[in-house]
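One structure below.
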Amino acid sequence: MGEPVRSDRAGELRASDAGREVRLAGWVASRRDLGGVVFLVLRDASGEAQVVVDPQAVPAAGEVAKDLRDEYCITVSGTVRPRPDGTVNPGMATGEIEVAAADVRVLSPSDPLPFQIDDRADVDEVRRLQWRYLDLRRPRMKANLIARSRAVSAMRRSMEGQGFLEVETPTLIRSTPEGARDMLVPSRLRAGSFYALPQSPQLFKQLLMIGGVERYYQIARCYRDEDFRSDRQLEFAQLDLEGAFWGRDDVLATLESVMVEVARELRGVELSTPFPRLTYREAMARYGTDKPDVRLGMEICDLGGAFAGTGFKAFAGVLDAGGVVRGINAGPLGMGRSGLDALGDLAKGAGAKGLAWLVVEDDGSLRSPIAKFLGDDEAAAVKEAMGAGPGDTLLLVADTPEIAAPALDRVRRHLGEPDDPDELAFLWVIDFPVFEKAPDGSLAPAHHPFTSPHDVDEMGSDPEHALSHAYDLVLNGSELGSGSVRIHDPEVQRRVFEILGISDEEAESRFGWFLEALRYGTPPHAGFAVGIDRLVSILQGEPNIREVIPFPKTQTGADPLTKAPTPVAADQLAELGLEAAGEDADGVAGGDGAAGEGGGASAG
RNA sequence: GGGGGCGUGGUGAAGUCUGGAGUUCACGCCGGCCUGUCAAGCCGGAGGUCGCGGGUUCAAAUCCCGUCGUCCCCGCCA
């Protein structure tokens with residue numbers, strides 16, 4: 001077996017190889033048996049090449065070829081030759097040549113396939129995941145795997161070129177019950193205690209800054225035990241980075257250079273930098289969201305001025321109560337009553353009491369259920385404020401800012417469509433508030449407690465308006481990642497905990513090890529993390545991140561291929577000092593996979 | 001926790017609203033023919049618990065209830 005299985009890669013053969021003896025290996029992509037001659041398309045990772053088997057000339061090869069089926073793994077020895085006149089296939093990279101087979105051998109036969117390898121049919125995703133190894137042979141997944149590899153490679157190239165050190169951090173870490181639910185791992189050596197899988201390497205990368213690394217990056221696997229979305233899995237990958245003696249603009253510039261590199265690699269485009277920056281406040285005012293898709297147009301207008309002193313009681317009441325009237329010019333929708341009602345339902349789903357619509361008629365008058373309540377001046381002011389012309393549909397929400405903004409965002413995203421689907425609209429959202437205001441008016445921390453506030457005094461005295469040095473990177477309406485300038489002063493860190501309602505004692509018991517670290521000459525530092533799955537899925541035009549993950553899980557956290565998760569044997573649990581709760585308490589791995597209610601495990 | 005879509009031979013779809021024999025289309029599979037095909041072509045064939053359970057009905061893929069799976073969304077994701 002000293003002889004190599006193959007001499008050449010199928011997809012790389014060209015006319016200049018004519019006359020060469022080659023040995024190929026790969027899979028049977030198709031077989032066209034014309035009786036007197038058999039054409040095979042042999043596919044390997046490099047591409048495809050046509051093989052011709054002539055049973056008259058080579059009877060043994062003819063016998064083998066007759067029994068080949070799709071996806072048999074084979075080797076073919078033969079001679080590369082130009083195709084006869086009129087049979088060149090210009091749609092194929094190797095279409096000028098074919099390999100005249102002298103010998104065909106089956107390395108490994110294939111059962112009939114559960115679905116076809118070509119892209120003809122949109123196979124049910126569970127089917128694809130159940131036979132993911134076959135799905136990976138299909139063009140779509142193959143292209144996505146390659147794209148992901150190239151994206152990560154571009155990131156590494158960019159980081160290395162800028163002097164960053166790649167450092168790995170642990171994936172079995174201390175649980176910090178903040179933010180998302182932790183994925184827990186029981187400890188056998190300390191029964192009853194648990195590790196957590198990292199939601200991010202946050203504190204470790206800060207320790208690396210204290211450790212003098214100065215420029216750190218990592219392709220980090222992160223875990224968050226929250227419900228799935230099209231852009232969320234239990235585990236995901238981030239480009240995580242941090243720099244010492246850095247401020248915000250160093251971070252943004254570095255990330256921009258990484259994005260330029262990745263976009264060049266995957267899209268062959270040159271992004272223009274710097275990316276636009278919006279403050280959080282601007283983003284909310286103009287788009288009603290902290291991750292605006294600026295490709296959609298239809299910016300939100302504030303109509304408080306136009307309706308000041310209005311006689312329309314619904315609006316006047318909202319304005320008097322400190323609320324807002326805002327709207328978007330949806331352009332020439334040409335929508336009937338039912339369509340407009342559906343938009344209204346969308347707005348109501350976001351908490352709005354309703355969505356008022358006004359259509360500008362050709363003569364400039366307004367057709368609307370509320371038209372009769374509006375004076376001529378008001379109508380003119382509204383049209384003026386929204387830049388409305390004949391045919392335009394104007395959609396208005398009157399409510400508190402916390403409700404009006406997201407409601408209009410939903411309507412806007414529902415209606416909007418980018419002019420150019422290939423456009424990449426990167427932008428930064430900066431100056432996030434320290435606290436986010438929920439629709440019910442309550443305040444909740446918007447970021448992790450190691451984020452530096454603009455002013456810690458203000459954070460205490462005016463929490464509603466206090467800003468932090470936190471920023472997000474947004475691409476086409478998706479949050480790609482976020483970062484911040486970190487607190488490096490232990491006293492500031494202590495006060496931030498205090499304001500967040502974490503007592504000195506609690507902070508000491510949970511983060512004492514980190515607070516101590518801050519006391520040993522911590523450099524100012526800042527950093528960021530980019531969601532790799534999201535970035536690659538958007539650049540690849542994929543609708544969800546599962547398409548760029550080789551072995552993803554379904555929405556209920558199941559892997560249709562391996563059937564994970566499963567119950568485990570009682571003795572396996574006993575060793576960990578655990579007792580399973582739920583119906584499958586004494587189930588074993590490989591059972592029917594029905595997870596017990598609660599599914600949890602308690603320390604025993 | 002909540003809202004919505006989907007589930008029909010191996011695959012994809014139509015049929016479901018308006019109940020009437022597992023009907024149809026494409027691909028695949030099996031067999032045969034075929035010496036220049038290109039997701040070959042032609043002829044023949046096999047293949048089904050219409051996700052599962054219950055109900056209504058003379059009769060259910062179709063209507064009703066429940067349940068499972070999956071996808072999208074809200075909540076959640078500091």
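Per chain, numbering begins at 1; letters A, B, ... match sequence-line order. Atom set for the values below is all heavy atoms of this structure, side chains included, hydrogens, waters and symmetry mates excluded.
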Exercise. Among rG28(B), rC72(B), rG75(B), which is the nearest nucleotide to the side chain of Asn544(A)?
Worked result: rC72(B)
For this session: Can you figure out which of rG12(B), rG28(B), rA78(B) approaches the side chain of Asp124(A) most closely?
Result: rG12(B)
Exercise. 5'-most contact on RNA chain B: Leu113(A) or Gly36(A), nearest heavy atom basis?
Worked result: Leu113(A)
Exercise. Which part of the nucleic acid, if any, lies within reach of Ala444(A) when heavy atoms closer than 4.0 Å are counted: base, sugar-phosphate only, or nothing?
Worked result: nothing
Problem set entry | Side-chain donor/acceptor of Arg31(A) to backbone N/O of Lys66(A), under 3.5 Å | yes
For this session: Could you work out which one of rA39(B), rA78(B), rU35(B) sits closest to the side chain of Leu34(A)?
Result: rU35(B)
For this session: Starting from the 5' end of RNA chain B, give me the residue, Leu129(A) or Arg83(A), whose nearest nucleotide shows up first.
Result: Arg83(A)
For this session: Quick one: label Arg128(A) by what it contacts on the DNA or RNA (base, sugar-phosphate, nothing), any heavy atom closer than 4.0 Å.
Result: nothing
Exercise. Of the nucleotides rU70(B), rG36(B), rA78(B), which has the atom closest to the Val126(A) side chain?
Worked result: rU70(B)
For this session: State, without any angle test, whether Thr169(A) and Gln218(A) hold a side-chain donor-acceptor pair at a distance under 3.5 Å.
Result: yes
Exercise. Can Phe39(A) be classed as stacking with the base of rU37(B), given a centroid separation cut-off of 5.5 Å and a plane angle cut-off of 30°?
Worked result: yes
For this session: Check every strand shown and say whether Gln233(A) touches a base, only sugar-phosphate, or nothing at a heavy-atom separation below 4.0 Å.
Result: nothing
Seminar exercise, completed: Winner on side-chain proximity to Val123(A), out of rC74(B), rU11(B), rU37(B), is rU11(B)
